[in-house]
S.K.: 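Quick one: this structure, given as structure tokens, is what I'll be asking you about.
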Amino acid sequence: MGERWANWLITGAAVAVGSLALADPPAPAAALAADSHRVAADPPSDLAVTVYRNPNRQPRSLDSDDEPEPLDLDNLQGFALIRETRLIHIPAGESTVRFEGVAEGIEPASALIDGLPEGLIEKNRDARLLSPGSLMEATVGKDVMLWRSDPKSGHTEHLRGRILSDTDGVVFQSEAGIEALRCSSLSETFTFNSRAGLSATPTLSILIRTRQPLTKVVTLSYLARGFDWTATYTATLSADATKMDLGAWVTLANSNGTGFPAAHTQVVAGRLNRANGEIEPIDLGAPIVAKCWPEGNTSSPPELLTLGGVHPLGFEPSVYERSTLSSPMAAMALQEVVTTGRRVIQEQLGDLKLYRVPERTTVASRQSKQVRMLDRKSIPVQRIYVAWLNSNDDTELDETASVLLRTENKTGNNLGLPLPSGTVAVFATRSGDPLLLNESPMNDLAVGEDVEISAGRSADVTVSSEIEDVNLDPSSVKEMPLVPGIHLRQATFDDARRVVISNAHDSAIRFELRLQLDDYSRLVRADHPVAKRYGRPVFRLTIPAHAEATVRYQTARFDLQAVPVLE
Amino acid sequence: MRARTWMRVLAFLIGAPLSAQGADRSLSVTIYANDLALIQDTRDIQVPSGRQRIEFQDVSAKIRPETVSLTCSDIAIVEQNFDFDLLTPGKLMEKAVGREVTLVRVNPSNGAETREQAQVLATNSGVVLKIGDRIEVLRDDGLPVRVIFDKVPENLRARPTLSVTVSSQRAGTRPATLSYLTPGLGWRADYVALFDEKESKIDVQGWVTLTNSSGTSYENSQTLLVAGAPNTVDSNDGRDYNWRVRQERSNLQRAGTESGSRERLGDYYLYPLAERTTIANMQTKQVSFLDVHRVPAQHGYEFRNNWLATQDKPQSAQTVYSFSTSAHAGLGDQLPAGVLRFYIRDRRGDPQFIGESRIDHTPMGSTLSLATGDAFDVKVQSIVEKRTRIGTFDWQSDMKYELTNASPKPVTVNVLQLGLYGDSRITAESMKSSRRNAETAEWAVPVPANGKATLTATFETRF
């Protein structure tokens, strides 16, 4: 055991001879085999996958025009809890039990194995996977067979040799002497005696000691990156725009190269804390590059200070990033979207919401899948037109109003269920056919909260805001009344503003002007009654058909700079 | 048969080095919490007398050579080198300048080989050779030519290698210990807590997680984990390691004053692994160190509001679990820093993940309060209602906090108003607050099931 480490070589006398570490070290795996068994657990007999959303996805506000972000299979920031039920057969004594084929996004520190008998010594995850580069790296200093074939005759020579180095080119030694791989233009390659203990698929292993041979069913659970889910709502407006039908899909996606066939599948809504982003990534090894000595010749232009060309060794010199998610095989697979005909069932999970797919379903590799979440009919909605103003802006504003569909999340409105965040697409019906009006993000909404769904902008309702220049002719400007509760003490007044809303519709509209003031600013004067919405001032108006309305208001700042400092 | 010939050839090639593989070899690895490990390798070595070089292969590729020490009786160290000169085809040719190499030309039409001795003259952007009296450029004609070197030059290695030149006063076998510091080995703790909602109890498992990215495997080593981060001069300021980005909320509610039975070294706790283990390169290894069941734990809600924060819409309160690490009604252990993952059983009885939280080194007897995530149904909206200047340096801020609970259970939300520095005062409030510290006022606000609650407070501050 440990001979690989034991290459302490003493080269005699003061004149050091060029020494090579060629004491024949047996592979560590072989050394282990003497007193330890290596067994593989059976493939999973049962699987469960719980998908969690990207915890860093920011809640969106309605006044931003941000496009909702679709799930990108190449960059899924959520994660999943995978539970695999496996049968293991443990011989008596010390054994290494290998759980092969776990998701490559596994967070090894989160792995748990339930149902093990006493005697677990440790659990391990080797990040190194079998690849040409890692195989070469693991074989440095060990015996390989060199195959050299004559391109003309097809005759292949087999030579026993040893890899001396794989850094920036491969140096090997055989009976003939020391040579560099593929520098002669002959076709050369190695065959290896063993896979050097490298796993083909991501593998977790445990070291366990038992007195008797055992056959047990154990549950392996772990968190894995490269999953995400979102809720995708469709709101279809009735012809008179007073009711809407709301339907939703759970869209869940797996970017791992590992699939989970016939799995119990759940998704969890709500934001979870994640402690940090670091995990120990899968190591696919560096690509093998056969680099040689300088190869300039008399007919090539002089290349000053460049050392040698780079020859890919028999395959494209693809560089695999040390990424947990982009397994080369997965990258080649087609993205697939699957829609199932079942509906998820919601249950409470602590302070989160869990949605369970009622039947087993397959969460395949590189797949996004949709399961129906809800279908609610005839939800009464109010159609309101909204403009948001930062009152302290001295800019003039001229824009179209946003259209919001507003309702309350309660049973009386045919709702009254938690609405997890996602995107919502609004459709109008035009002679029986749906017509997309808008698509926007939606935040987590609990029962009882206000639901506001953006239905785009209306070209017919325009809002223009401008500073009312009081210097022009003070007598022409009507003094506005003070807002109740405001005392004009030590405040600096901003310029008065005038907001004109014009309605080109042939019906009256409800309009809300929502002010977004900073904490130091308050509304001091206004010519319309002021309401509060979530603590912010809002003017609510009804504007008749083909009419204009004008709102005038004035804000003041109550901050430090506004006040002359007393001596 | 063939293998035996092969070994003879090898022995000839390398000048038969004396390999000293002691039977009593012991490797011990001490891993600190700040990406630092002390490696000690002891074994019997057979040393002839006189000056000689001892090579240590497969020491950590990230070894800090200046920390190496070799202790062995009757041996004086002359010098030690850590050679980074790696063996590559280019280097091999470069070091062969002025030396003889063997060329094997292969006839492309019939595969016949012709051998020639050549002297390497130069390797500047192309290899120039002298063969007999003529000078030629290697593979100028593009035909296959193998170049065979008879030996690997000194100092060229497949991996960085430590070599120590020693002067031995006597020949003989004796134990030697090589010790050095290396980054690339680290450990932390990982905890799994399963919360039982009905009983308000948690089961906690603790695992130490070792990671090795030092480029080397440590086989069959005795492993000791130190819950502490020694200052190192190498890091420009060792304290940086300890100073994590200041968290928004401190998990530690009350620091403990109990001491357990764990081994200590100075002020560091030690976690020796029970058995020798092999820490392979690029491996993540976990060993259990804590398994306690049915510890009382409280589930609560917390909302932390920064000074003068108004939200556009209600924000979820944080779900908080708190428990003690005391020997009495607690985990009964000090906890090394790491990540605690919470699980809760779903309706089918399967544990589901509900969030995680980082903890620092926590003494025994502490009270921890860990936030796991947002509560879907419990939301708070804070509003700055009014902010008025009432004196030259005095401000009055009226705050309103609206709490909603969409769950069918009444809840109590701890509302924390942060940022009350200096002589800030609360002049009016709708319910009694407690000052957790000068900076923070706290209210425990009950919210009925499927209901609402409102909290108001007026602050007088100097800002």
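Per chain, numbering begins at 1; letters A, B, ... match sequence-line order.
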S.K.: For B:Ile344, which atoms come within 4.5 Å of any heavy atom of chain A: side chain, backbone, both, or neither?
M.R.: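 Contact with chain A: backbone and side chain both.
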S.K.: Can you tell me how far CG of A:Leu352 sits from CD of B:Gln352, rounded to the nearest 0.5 angstrom?
M.R.: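 One gets 10.5 Å once the value is rounded to the nearest 0.5 Å.
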S.K.: At a 4.5 Å cut-off on heavy atoms, which part of A:Leu223 comes close to chain B: side chain, backbone, both, or neither?
M.R.: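 The answer is the side chain of A:Leu223.
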S.K.: Before you tell me yes or no, could you show the steps for A:Asp168 and B:Lys91 under salt bridge (Lys or Arg N to Asp or Glu O under 4.0 Å), namely the whole-Å CA-CA distance, both residues' side-chain angles and the distance that decides it to 0.1 Å?
M.R.: CA-CA 10 Å; A:Asp168 268 1; B:Lys91 279 272 186 221; over 6 Å; no
S.K.: Need one label for A:Leu120: side chain, backbone, both or neither, based on atoms under 4.5 Å from any heavy atom in chain B.
M.R.: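 Only the side chain of A:Leu120 comes within 4.5 Å of chain B.
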S.K.: Who wins among A:Ser221, A:Ala180, A:Ser110 for the most heavy-atom pairs under 4.5 Å with chain B?
M.R.: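 It is A:Ser110.
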S.K.: About how many Å separate CZ of B:Arg139 and OG of A:Ser184, when rounded to the nearest 0.5 Å?
M.R.: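 These two atoms lie 6.5 Å from each other.
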S.K.: Are the side chains of A:Leu112 and B:Trp207 in contact, using a 4.5 Å heavy-atom criterion?
M.R.: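 Sidechains of A:Leu112 and B:Trp207: in contact.
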S.K.: Do A:Tyr52 side-chain atoms and B:Gly355 backbone N/O form a donor-acceptor pair below 3.5 Å?
M.R.: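 Not a single qualifying donor-acceptor pair exists.
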S.K.: Checking A:Asn273 side chain against B:Ser357 main chain: does a donor-acceptor pair fall under 3.5 Å?
M.R.: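 Such a contact is absent between A:Asn273 side chain and B:Ser357 backbone.
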S.K.: Does any non-hydrogen side-chain atom of B:Ser316 lie less than 4.5 Å from one of A:Arg271?
M.R.: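 No, too far: nothing below the 4.5 Å cut-off.
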S.K.: Look up atom CD in B:Gln283 and atom CZ in A:Arg125, then write down how far apart they are to the nearest 0.5 Å.
M.R.: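 Reported value, rounded in 0.5 Å steps: 9.5 Å.
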S.K.: Would you call B:Thr404 and A:Glu449 a side-chain contact if the rule is heavy atoms closer than 4.5 Å?
M.R.: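 No - every pair of side-chain heavy atoms lies 4.5 Å or more apart.
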S.K.: Can you tell me which portion of B:Phe195 sits under 4.5 Å from chain A's heavy atoms? Options are side chain, backbone, both or neither.
M.R.: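 Answer is neither: B:Phe195 stays 4.5 Å or more from chain A.
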S.K.: Kindly indicate, with the supporting measurements, whether the criterion side-chain contact (heavy atoms from CB on, under 4.5 Å) is fulfilled by A:Asn124 and B:Thr284.
M.R.: CA-CA 5 Å; A:Asn124 294 301; B:Thr284 304; over 6 Å; no
S.K.: From A:Asp166 CG over to B:Thr88 OG1, what is the distance, rounded to the nearest 0.5 angstrom?
M.R.: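 Rounded to the nearest 0.5 Å, the CG-OG1 separation comes to 11.5 Å.
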S.K.: Is it the backbone or the side chain of B:Val147 that comes under 4.5 Å from a heavy atom of chain A, or both, or neither?
M.R.: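 Both backbone and side chain.
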S.K.: As an exercise, state the distance from CG of B:Asn281 to CD of A:Glu137, rounded to the nearest 0.5 Å.
M.R.: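 It comes to 7.5 Å.
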S.K.: Can a salt bridge be assigned to the pair B:Glu275 and A:Arg209 using a cut-off of 4.0 Å between side-chain N and carboxylate O?
M.R.: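 The answer is yes: the pair qualifies as a salt bridge.
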S.K.: Should we say atom NZ of B:Lys452 is surrounded by more than 12 heavy atoms from elsewhere, each under 6.0 Å from it?
M.R.: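 Open: at most 12 neighbouring heavy atoms sit under 6.0 Å from NZ of B:Lys452.
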S.K.: If I measure from the heavy atoms of chain B, does A:Gln348 come under 4.5 Å with its side chain, its backbone, both, or neither?
M.R.: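 Both backbone and side chain of A:Gln348 come within 4.5 Å of chain B.
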S.K.: Please report the interatomic distance CD1(B:Ile148) to CD1(A:Ile178), rounded to the nearest 0.5 Å.
M.R.: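 Rounded to the nearest 0.5 Å, the CD1-CD1 separation comes out at 10.5 Å.
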S.K.: Can a donor-acceptor pair be found between the side chains of A:Glu122 and B:Thr277 at a distance below 3.5 Å?
M.R.: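 Short answer, yes.
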S.K.: Is B:Arg347 close to chain A through its backbone or its side chain, or both, or neither, when contacts mean heavy atoms under 4.5 Å?
M.R.: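 Both parts, backbone and side chain.
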S.K.: Please classify the contact of A:Ile345 with chain B as side chain, backbone, both or neither, using a heavy-atom distance under 4.5 Å.
M.R.: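 Neither the backbone nor the side chain of A:Ile345 comes within 4.5 Å of chain B.
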S.K.: Under 4.5 Å heavy-atom distance to chain B, tell me which part of A:Ile121 shows up: side chain, backbone, both or neither.
M.R.: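 Both backbone and side chain.
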S.K.: Non-hydrogen atoms of chain A under 4.5 Å away: do they reach the side chain of B:Ala280, the backbone, both or neither?
M.R.: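 B:Ala280 touches chain A through side-chain heavy atoms alone.
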S.K.: Checking heavy atoms, do the side chain of B:Leu92, its backbone, both or neither come under 4.5 Å from chain A?
M.R.: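 It is the side chain, since no backbone atom gets that close.
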S.K.: Is it true that B:His299 and A:Asp351 share a donor-acceptor pair across their side chains at a distance under 3.5 Å?
M.R.: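 Present: a donor and an acceptor within the cut-off.
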S.K.: If only atom types and distance count, is the side chain of B:Gln286 paired as donor or acceptor with the main-chain N or O of A:Ala109 below 3.5 Å?
M.R.: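 Checking the backbone N and O of A:Ala109 against the side chain of B:Gln286, a donor-acceptor pair under 3.5 Å is found.
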S.K.: Sub-3.5 Å donor-acceptor pair from the side chain of A:Ser165 to the main-chain atoms of B:Leu87, do we have one?
M.R.: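 Side chain of A:Ser165 to backbone of B:Leu87, a donor-acceptor pair under 3.5 Å: yes, one is there.
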S.K.: Answer whether the closest heavy-atom distance between the side chains of B:Tyr343 and A:Leu81 falls below 4.5 Å.
M.R.: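 With C-beta onward as the side chain, the pair touches.
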S.K.: Is A:Val268 close to chain B through its backbone or its side chain, or both, or neither, when contacts mean heavy atoms under 4.5 Å?
M.R.: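 For A:Val268, no heavy atom lies under 4.5 Å from chain B.
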S.K.: Could you walk me through whether B:Lys313 and A:Asp450 pass the salt bridge (Lys or Arg N to Asp or Glu O under 4.0 Å) check?
M.R.: CA-CA 10 Å; B:Lys313 51 184 60 147; A:Asp450 274 355; over 6 Å; no
S.K.: With sequence neighbours left out, write down each residue that passes salt bridge (Lys or Arg N to Asp or Glu O under 4.0 Å) with B:Glu136, or none if nothing qualifies.
M.R.: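 Expected list: B:Arg105, B:Arg134.
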S.K.: Given that the side chain runs from C-beta out, which part of B:Val384 has a heavy atom under 4.5 Å from chain A: side chain, backbone, both or neither?
M.R.: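 When you check distances to chain A, only side chain atoms of B:Val384 fall under 4.5 Å.
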S.K.: Could you walk me through whether A:Leu272 and B:Phe353 pass the side-chain contact (heavy atoms from CB on, under 4.5 Å) check?
M.R.: CA-CA 9 Å; A:Leu272 280 72; B:Phe353 179 66; 3.6 Å; yes
S.K.: Please state whether the side chain, the backbone, both or neither of B:Thr372 comes within less than 4.5 Å of a heavy atom of chain A.
M.R.: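 Contact with chain A: backbone only.
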S.K.: Checking B:Tyr301 against chain A: side chain, backbone, both or neither under 4.5 Å from a heavy atom?
M.R.: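 For B:Tyr301, the side chain is the part near chain A, not the backbone.
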S.K.: Salt bridge between B:Asp377 and A:Lys353, side-chain N to carboxylate O under 4.0 Å?
M.R.: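 Looking at A:Lys353 together with B:Asp377, the answer is yes, because their closest N to O distance falls below 4.0 Å.
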S.K.: Could you go through B:Glu385 and A:Lys532, starting from their C-alpha distance and side-chain angles, then the distance that decides it, and tell me whether this counts as side-chain contact (heavy atoms from CB on, under 4.5 Å)?
M.R.: CA-CA 10 Å; B:Glu385 288 254 287; A:Lys532 283 274 174 85; 4.1 Å; yes
S.K.: Which bit of B:Arg345 is near chain A, if near means a heavy-atom gap under 4.5 Å: side chain, backbone, both or neither?
M.R.: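 Backbone of B:Arg345 only, per the 4.5 Å heavy-atom cut-off to chain A.
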S.K.: Between A:Arg536 and chain B, with a heavy-atom cut-off of 4.5 Å, which part of the residue counts as in contact: side chain, backbone, both or neither?
M.R.: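 Answer is side chain: those atoms of A:Arg536 sit under 4.5 Å from chain B.
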S.K.: If you count heavy-atom pairs within less than 4.5 Å of chain A, which of B:Leu273, B:Val145, B:Asp346, B:Asp140 leads?
M.R.: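 Going by pairs under 4.5 Å, I would pick B:Asp140.
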S.K.: Give the member of A:Leu445, A:Leu207, A:Leu204, A:Ile163 that has the highest number of heavy-atom pairs under 4.5 Å with chain B.
M.R.: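 Sorted descending by pairs with chain B, the first entry is A:Leu445.
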S.K.: Would you mind checking which part of B:Asp350 comes under 4.5 Å of any heavy atom in chain A, side chain (CB onward), backbone (N, CA, C, O), both or neither?
M.R.: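 Its backbone and side chain both get close to chain A.
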S.K.: Holding to side chain to side chain contact (heavy atoms under 4.5 Å, CB included), I want the full list of residues that pass it with A:Thr219, two or more places apart in sequence or in another chain.
M.R.: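 Checked A:Thr219 against side chain to side chain contact (heavy atoms under 4.5 Å, CB included); matches are A:Arg83, A:Thr85, A:Asp114.
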